[in-house]
Student: 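Sending over a structure as C-alpha cells; questions will come in a sec.
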Amino acid sequence: MTALSTDAPPYRFQDAEPRWQAAWDNRGCFAVADIPADGKPKYYVLEMFPYPSGKIHMGHVRNYTLGDVVARYKRARGFAVLHPMGWDAFGLPAENAARERGIHPAKWTWDNIAAMRAELKRMGLSLDWRREFATCDPAYYGQQQKLFLDMLRAGLVDRRESWVNWDPVDQTVLANEQVIDGRGWRSGAPVEKRSLAQWFLRITRYAPELLEALDRLDRWPERVRVMQAKWIGRSEGARLHFALTAPAGGIAAVEVYTTRPDTLFGMSFLALAPEHPLAEAVAAGNPEAAAFIAECRRMGTSEAAIETAEKRGFDTGLRVSHPFRPELTFPVWIANFVLMEYGTGAIFGCPAHDQRDLDFARTCGLPVRPVVLPPDEDAANFAIADRAYDGPGRMINSDFLDGLEAAAAKARAIAELERRGCGRGVVNWRLRDWGVSRQRYWGCPIPVIHCTACGMVPVPDADLPVKLPDDVTFDRPGNPLAHHPTWKHVPCPSCGAAATRETDTFDTFVDSAWYFARFCSPQASVPVAQAAADHWMPVDQYIGGIEHAILHLLYARFFTRAMVATGHLAAAEPFAGLFTQGMVTHESYRGADGRWLYPEEVERLPDGSAVERQGGAPVTVGRIEAMSKSKRNTVDPGAIIARYGADTARWFILSDNPPDRDMEWTEAGVAGAARFVQRAFRLAEGVATLADLPPPPPAALGSAATALRRVTHRSIVAVTEALEGFAFNVAVARLHEFANALAEAERRRGDAAELAGLGWARREAVGIFLRLAAPMMPHLAEEMHARLTGGADDTLVADMAWPEADADLAAADQVTIAVQVMGKLRGTLALPPGQPEPAVLAAAAAEPNVARALDGRRIVKRIYVPDRIVNFVVAG
RNA sequence: GCGGGCGUGGCGGAAUUGGCAGACGCGCCGGACUCAAAAUCCGGUUCUGGUGACAGAGUGUCGGUUCGACCCCGACCGCCCGCACCA
C-alpha cells in the first residue's frame with residue numbers, strides 16, 4: 001500500500017492553483033456587500049496596503065499571507081469577512097522615476113499597479129477585489145480633499161511657518177531620507193534649514209485623548225502602545241521666565257519649559273535653540289553668532305541628526321537672573337541640541353542631573369553643581385563624573401528645597417515660582433502638530449486658493465476634485481505644480497479676481513490615514529457611506545510592519561477622530577486589533593571585488609563556503625539582514641511562486657518562526673515546505689483509494705483507529721488555539737504531527753475489521769486535516785478535498801465550516817507527571833488525570849530512580865501541582 | 001543621542017506563562033527500497049562522561065528572589081526598529 005501512495009502522481013500546483021483561484025472567483029467566495037443582509041457577524045481583516053513599487057517583495061508575501069490566514073479562518077468560523085486590497089499610490093519614487101527615466105508618474109504608477117496586482121492574484125488571497133482602489137485616483141483623493149475642507153471648517157487645520165530641508169543647488173525641498181550626512185543626495189551640497197508657510201493638522205488637540213485611549217486598545221501589542229505613549233509624551237513640569245540682566249533686541253526675558261524645576265539650584269547656564277527669537281536677535285548684531293546659527297542650520301531637520309551631533313554652543317554674552325536668587329546670574333548660550341519644536345525652544349541647563357546638559361557643560365567648560373543626592377551617597381563625597389544622575393534622592397545645595405525628596409521639591413519649586421509670579425506648573429506634550437504640506441507634484445492637491453484680496457479661500461465643494469494636471473515637466477528642480485504655466489491660475493471663488501491655487505500637495509501619510517474607512521464603501525460619492533462604515537468599522541484585525549508603530553498608526557487614530565468630529569464616522573478607533581509582523585531577512589553575499597551579489601548568483605558548497613555560480617570565484621557570506629535592493633539579498637516572490645507554487649511559499653513563510661519576529665528566507669526551508677505539500681497530497685491519495693465506508697459507531701473501532709481519532713480531534717483543538725493566538729508556526733508544527741500520525745496509521749497492519757475501522761478513521765483525519773490546513777494552503781486543501789471525494793462533492797473548502805472537535809476524544813486520557821527531588825528531575829509518572837494527591841505522592845516516591853535519590857534522606861516538604869509536577873524537598 | 005524591542009542545540013524555533021527545556025521543521029548521521037542514483041520511507045541527533053542504566057552541565061553574561069526560573073528583579077553585552085518630508 002505504501003508503494004501505491006509513493007508512486008501516485010505528484011501534486012501539480014501549476015494546474016491546481018490557477019484552477020482553484022478561478023473557482024473562488026467564479027463563485028464570488030470573497031465578495032461581501034457594503035451592508036450585508038445575511039446577518040452574520042462581521043469581521044474586517046486588513047493588511048497595510050502596498051506602495052506600488054512595481055514588484056511585490058517577501059515582506060508583502062509575509063504580510064498578505066498572515067492576513068489571508070486570518071481572513072480564511074474567520075470565514076470558516078462563520079463570519080462575514082471584509083478583506084480588501086488597494087494601493088498607496090502617491091509618493092516620491094514615482095517622481096524620481098520621472099526625473100531619472102522620463103516616465104510620467106501616473107503611467108509609472110498604474111503600470112506598477114497592474115504588475116503587482118497580477119503577482120498578488122497568484123498568491124491565492126481571499127480578497128474582495130471589487131473594492132480595489134488607488135489613492136492617486138481622483139475618485140479617492142477628491143474625497144480626501146472634501147475631508148480636509150471639513151476639517152478646515154472645524155478648525156482642525158492651521159497654516160504657519162515651519163522648517164524644511166533646502167537644497168541650495170537644486171533649489172528644492174528635500175525629504176529627510178534625501179539628506180545624507182547633511183548633504184543633498186543628488187547635488188551633494190550642504191543642506192540648509194529654510195522656513196516656509198505650511199499646512200498643519202491639529203493633532204495636538206487630541207493628544208490627551210490619543211494617549212488615554214491607548215489603554216483600551218487591548219488587542220494592540222504592548223510595545224506599540226508604549227511607543228505611542230512615549231511619542232505623545234505627556235510631561236508635568238513648569239514654564240518659567242528668566243529675566244535678562246539687560247534686554248536684547250527688545251526681549252527682556254526668556255521663557256523656559258522644564259520637567260525638573262526641583263533642580264533649579266543646580267542651574268549652570270541657559271541655552272536657546274538656534275531658531276529662537278532671542279538667538280536671532282543676538283545674531284542680528286553679532287556676525288559670530290550669525291555664523292554659528294548658520295552652521296546649526298546645516299544640520300538638517302531630523303531629530304536623530306541633531307541629537308547625535310557633537311554638542312556645540314555659542315556664548316551670547318547675555319546673562320539671566322535666577323528666579324529664586326536674582327543676585328545669581330547665568331550665561332545665555334545658543335546650543336545646537338536644543339529643539340525649537342519642543343517646549344519653548346529654550347532650556348535651563350542643569351548638568352549634574354541631565355546627560356545632554358552634562359555633555360554640553362563639559363565641552364563648553366561650564367560648572368556642574370549637584371543638587372540631588374542619591375540615597376546611598378553622602379553629601380560631602382558626592383560628585384558627578386561623566387554620568388548625570390537622574391534618579392531619586394534628597395535635595396542638597398538648594399536653599400529652601402534642601403532635605404526634600406526630589407518629587408516633593410518639584411511641587412515646592414512650582415509653588416514658589418507661582419508665588420513669585422515668574423512661572424507656573426504646566427502639562428506639556430511632546431507631540432507636535434502634523435505638517436502635511438509637501439512641495440511636490442505626485443500627491444493629493446491641497447484644495448485651497450490664495451487671493452490677494454480675500455486671503456486664503458477653500459475650493460468650493462462643488463469644484464472638487466482638484467485634479468492634478470497631466471501635462472507636467474520634470475526638466476527642472478522644484479515642484480512641477482508651481483512651474484505649470486496655467487494650472488494654478490484660477491479666479492477667486494469668493495471675489496472672482498485673479499488668484500492662485502495652493503501648489504503644495506498632501507503628505508502621503510494623509511492618504512493612508514483613512515483608506516481603511518473608504519474600503520467599506522469604495523464607490524460612494526461621499527468619503528464614506530455612513531451605514532457601510534457603521535457596519536464594518538473598526539478594522540477587527542490590522543496587520544503590518546512594526547516600522548509603522550508610531551507615525552502611520554497615530555495619524556490614522558487622529559484622522560478617525562477628526563472624521564468623527566466632522567460627521568463622517570462613528571467609530572473613534574480605526575483598528576481594534578493590531579498585529580505587527582517582523583521583517584524578512586536573507587544572507588548577503590559579496591564577490592571578491594566587493595560587489596554585492598544576488599542569492600541566485602551564488603552557490604553554497606557542502607563545506608559551508610560559497611562561490612559564484614558563473615566562474616566559481618570565492619564569495620564572502622555576509623550578515624543575515626533585512627532584504628534590500630542595495631545589498632542585493634532579495635528573493636523575488638514571483639520566481640518562488642513560479643517554481644514552487646503559492647501554497648509552498650505561504651507554508652514556508654508561516655512555518656519558519658513566530659510572525660512578529662524577523663524571519664530568515666532560506667532555500668532549504670522552501671524546499672522543505674514543498675516536500676510537505678507533496679506529502680500532504682499523498683495522504684489524501686492514500687485515503688482516496690479506500691472504499692467509501694459508512695460511519696461505524698466508535699465502539700466498533702480498534703485501538704489504532706481510536707488513537708488516530710484522538711490525534712485528529714486534539715489537532716483541531718491545538719491548531720485552532722494556535723491560529724487564534726497568531727502562533728502560525730505552532731499551527732504548522734501541529735499539522736506536521738498530525739500528518740506524521742496519519743502516515744503511521746497508513747503503515748499499520750491488522751485484520752479486515754481493524755483495517756476497515758482504521759480506514760474510516762483515516763478518511764475522517766484527512767477530511768479534517770485539509771480543512772485545518774486550508775487557511776494556510778488553500779489551493780492544496782481544495783485539491784485534497786476533490787481527490788478525497790472523487791469530485792462527488794463540489795462544495796469548496798473555502799466555503800466549509802471549521803471542524804468541531806469531539807470533546808471526549810480531545811480530552812487527555814493520560815498525563816505525565818514529572819517527579820523532582822530538590823528541583824532536579826528524577827523520574828516521571830504516567831497516570832490518568834485527576835488522581836488524588838496522596839496516591840500520586842506515594843507513586844512518585846516509589847518510582848525506582850526517585851526512591852534512590854530519596855534514600856536515607858528526610859523529606860521536609862512535598863510540593864504537588866495537580867497533573868503536572870511533584871517536588872520533594874529533602875534535608876541534609 | 002533618545003524611545004521601544006529581541007537574545008533558547010549546528011540552524012529556525014516550542015515550552016499550557018513560575019512546574020519534564022529543546023515539540024515541529026531544516027541540516028547532519030545511520031538504515032530500508034534501488035543495478036545505481038534521485039525521490040520516498042524508517043531510526044538517531046543539546047553538550048560532557050559512561051557499552052549501559054545513569055550522572056553532571058545547559059536558555060547572551062554576571063548577580064538575586066523561589067521548593068522550583070527560558071519565564072520575575074538588578075546590572076552588563078550584542079543585535080533590530082522608530083525619531084515627525086521614505087513608505
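Letters A, B, ... mirror the listed sequences (proteins, then strands); counts begin at 1. All figures in this text were calculated on a predicted structure; none of them were measured in a lab.
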Student: By the 4.0 Å heavy-atom rule, please label Leu92(A) as base, sugar-phosphate, or nothing.
Tutor: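 Since only primed, P, OP1 and OP2 atoms lie under 4.0 Å of Leu92(A), the category is sugar-phosphate.
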Student: Assign Gln198(A) to base, sugar-phosphate, or nothing according to its heavy-atom contacts below 4.0 angstrom with the strands shown.
Tutor: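 Here Gln198(A) touches the bases of the nucleic acid.
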Student: Now, which nucleotide makes the Watson-Crick or G-U wobble pair with A32(B), with each of the two distances under 3.5 Å?
Tutor: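 Pair assignment: A32(B) / U40(B).
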Student: Specify the separation, in whole Å, of atom CZ of Arg432(A) and atom C1' of A84(B).
Tutor: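 Distance, rounded to whole Å: 5 Å.
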Student: Could you measure between the two C1' atoms, the one in U48(B) and the one in A39(B), and give it in whole Å?
Tutor: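 Their C1' atoms lie roughly 38 Å apart.
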Student: What contact category does Val164(A) fall into here, base, sugar-phosphate, or nothing, at under 4.0 angstrom with non-hydrogen atoms?
Tutor: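 Base contact.
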Student: What integer number of Å spans the C1' atoms of G68(B) and C2(B)?
Tutor: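 Roughly 39 Å separates the two C1' atoms.
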Student: Among A55(B), G19(B), A84(B), which nucleotide has an atom closest to any side-chain atom of Val865(A)?
Tutor: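 Of the candidates, G19(B) comes closest.
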Student: Check every strand shown and say whether Gly827(A) touches a base, only sugar-phosphate, or nothing at a heavy-atom separation below 4.0 Å.
Tutor: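 The answer is nothing, as Gly827(A) stays clear of every strand by at least 4.0 Å.
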Student: Return the nucleotide paired to A57(B): Watson-Crick means purine N1 to pyrimidine N3 with N6-O4 or O6-N4, wobble means G-U with N1-O2 and O6-N3, both under 3.5 Å.
Tutor: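 When the pairing criteria are applied, U46(B) turns out to be the nucleotide that pairs with A57(B).
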Student: Just checking, any donor-acceptor pair under 3.5 angstrom between side chains of Gln581(A) and Arg661(A)?
Tutor: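 No, Arg661(A) and Gln581(A) have no side-chain donor paired with an acceptor closer than 3.5 Å.
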Student: Set out, in order, the CA-CA distance, both residues' side-chain angles and the distance that settles ring pair (Phe, Tyr, Trp, His ring centres under 6.0 Å) for Phe506(A) and Trp199(A), then state yes or no.
Tutor: CA-CA 9 Å; Phe506(A) 282 121; Trp199(A) 293 96; 8.8 Å; no
Student: So what does Ala668(A) hit on the nucleic acid, given a heavy-atom distance under 4.0 Å: a base, only sugar-phosphate, or nothing?
Tutor: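 Sugar-phosphate contact only - Ala668(A) comes under 4.0 Å of backbone atoms but never of a base.
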Student: Under 4.0 angstrom, heavy atoms only, what part of the nucleic acid is Leu554(A) near: base, sugar-phosphate, or nothing?
Tutor: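 Counting heavy atoms under 4.0 Å across all strands, no contact is made by Leu554(A).
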Student: Assign Arg868(A) to base, sugar-phosphate, or nothing according to its heavy-atom contacts below 4.0 angstrom with the strands shown.
Tutor: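 Base contact.
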Student: With salt bridge (Lys or Arg N to Asp or Glu O under 4.0 Å) as the test, would you mind laying out the steps for Asp504(A) and Arg440(A) before giving the verdict?
Tutor: CA-CA 7 Å; Asp504(A) 283 356; Arg440(A) 306 190 203 293; over 6 Å; no
Student: With heavy atoms under 4.0 Å as the rule, sort Asp359(A) into base, sugar-phosphate or nothing.
Tutor: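 Counting heavy atoms under 4.0 Å across all strands, no contact is made by Asp359(A).
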Student: For salt bridge (Lys or Arg N to Asp or Glu O under 4.0 Å), just list the numbers for Arg734(A) and Glu721(A), CA-CA rounded to whole Å, side-chain angles, deciding distance to a tenth of an Å, and then say yes or no.
Tutor: CA-CA 11 Å; Arg734(A) 297 296 161 253; Glu721(A) 196 175 280; over 6 Å; no
Student: Enumerate the residues from residues 170-186 of chain A whose closest heavy atom to RNA chain B is under 4.0 Å, giving them by residue number; use none for an empty result.
Tutor: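 Heavy-atom cutoff 4.0 Å gives Val173(A), Leu174(A), Ala175(A), Asn176(A), Glu177(A).
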Student: Tell me if G49(B) is syn or anti. Syn = glycosidic torsion within 90° of 0, anti otherwise.
Tutor: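 With its glycosidic angle more than 90° from zero, G49(B) counts as anti.
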Student: Paired with C72(B) by Watson-Crick or G-U wobble geometry, both distances under 3.5 Å: which nucleotide is it?
Tutor: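 G64(B) - that is the nucleotide pairing with C72(B), both distances being under 3.5 Å.
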Student: Contact class for Phe337(A) (heavy atom, under 4.0 Å): base, sugar-phosphate, or nothing?
Tutor: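 No contact.
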Student: Counting only non-hydrogen atoms, which of residues 725-737 of chain A are less than 4.0 Å from RNA chain B?
Tutor: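 Correct list: Asn729(A), Val730(A), Ala733(A), Arg734(A), His736(A), Glu737(A).
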Student: Nearest whole Å is fine: how far is C85(B) C1' from Asn96(A) CG?
Tutor: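 The answer, rounded to whole Å, is 13 Å.
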Student: How many whole angstroms separate atom CZ of Arg430(A) from atom P of C2(B)?
Tutor: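 Rounding to the nearest Å, CZ of Arg430(A) and P of C2(B) are 13 Å apart.
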Student: Does A39(B) have OP1 or OP2 sitting under 4.0 Å from an N or O in the side chain of Arg679(A)?
Tutor: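 Answer no for this pair, as no side-chain N or O of Arg679(A) is under 4.0 Å from OP1 or OP2.
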Student: Have a look at Arg675(A) and say if it touches a base, only the backbone sugar-phosphate, or nothing, with a 4.0 Å heavy-atom cut-off.
Tutor: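 If one applies the 4.0 Å heavy-atom cut-off, Arg675(A) turns out to touch the sugar-phosphate alone, with no base involved.
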Student: Both distances below 3.5 Å, Watson-Crick or wobble geometry, any strand: find the nucleotide opposite C83(B).
Tutor: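 Paired with G1(B).
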Student: Regarding Lys311(A), tell me which of base, sugar-phosphate or nothing describes its non-hydrogen contacts under 4.0 Å with the strands shown.
Tutor: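 Here Lys311(A) touches no strand at all.
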Student: Is U40(B) syn or anti, taking syn as a glycosidic angle within 90° of 0?
Tutor: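 This nucleotide is in anti.
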